[in-house]
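Starting from 1, each residue takes its place in the sequence as its number. Any value given below was found using the heavy atoms of this structure, including those in side chains, with hydrogens, waters and symmetry copies removed.
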Amino acid sequence: MKIKGIINFLLIAAGACLLASGNSLLKNEYAMSIGIILLMLGIYRASRGWNSERPEEG
């Protein structure tokens with residue numbers, strides 16, 4: 001697995017963990033906000049990588 005893939009996975013996993021256990025770690029609003037930001041950043045970075053790996057058709 002490439003380094004970018006590992007970073008994307010860690011961002012997604014950290015965001016999901018914050019969303020799942022936010023009440024016990026931080027105030028619920030802050031945990032959910034930070035979790036959604038990390039989750040979306042990881043998904044965005046992963047989807048950009050999928051597009052660049054696809055060969056050009058045309």
Open item on the list: I need the Asn8 CG to Lys4 NZ distance, nearest 0.5 Å.
Closed with: 9.0 Å
Open item on the list: So, taking the atom named CG in Leu39 and the one named CG in Leu11, what distance separates them when rounded to the nearest 0.5 Å?
Closed with: 9.5 Å
Task: Interatomic spacing from CE in Met40 to CD1 in Ile12 - rounded to 0.5 Å - done: 10.5 Å
TODO: Could you state whether Leu10 and Tyr44 fall into the same hydrophobic cluster, counting links through intermediate Ile, Leu, Val, Met, Phe, Trp or Tyr residues with side-chain heavy atoms under 4.5 angstrom apart?
DONE: no
Open item on the list: Applying a strict under-4.5 Å side-chain criterion to I, L, V, M, F, W and Y, I'd like to know whether Met32 and Ile37 cluster together.
Closed with: no
Task: Hydrophobic cluster identity match, Leu41 and Ile7, side-chain contacts under 4.5 Å - done: yes
Task: Sub-4.5 Å side-chain heavy-atom contact between Leu18 and Leu38 - done: yes
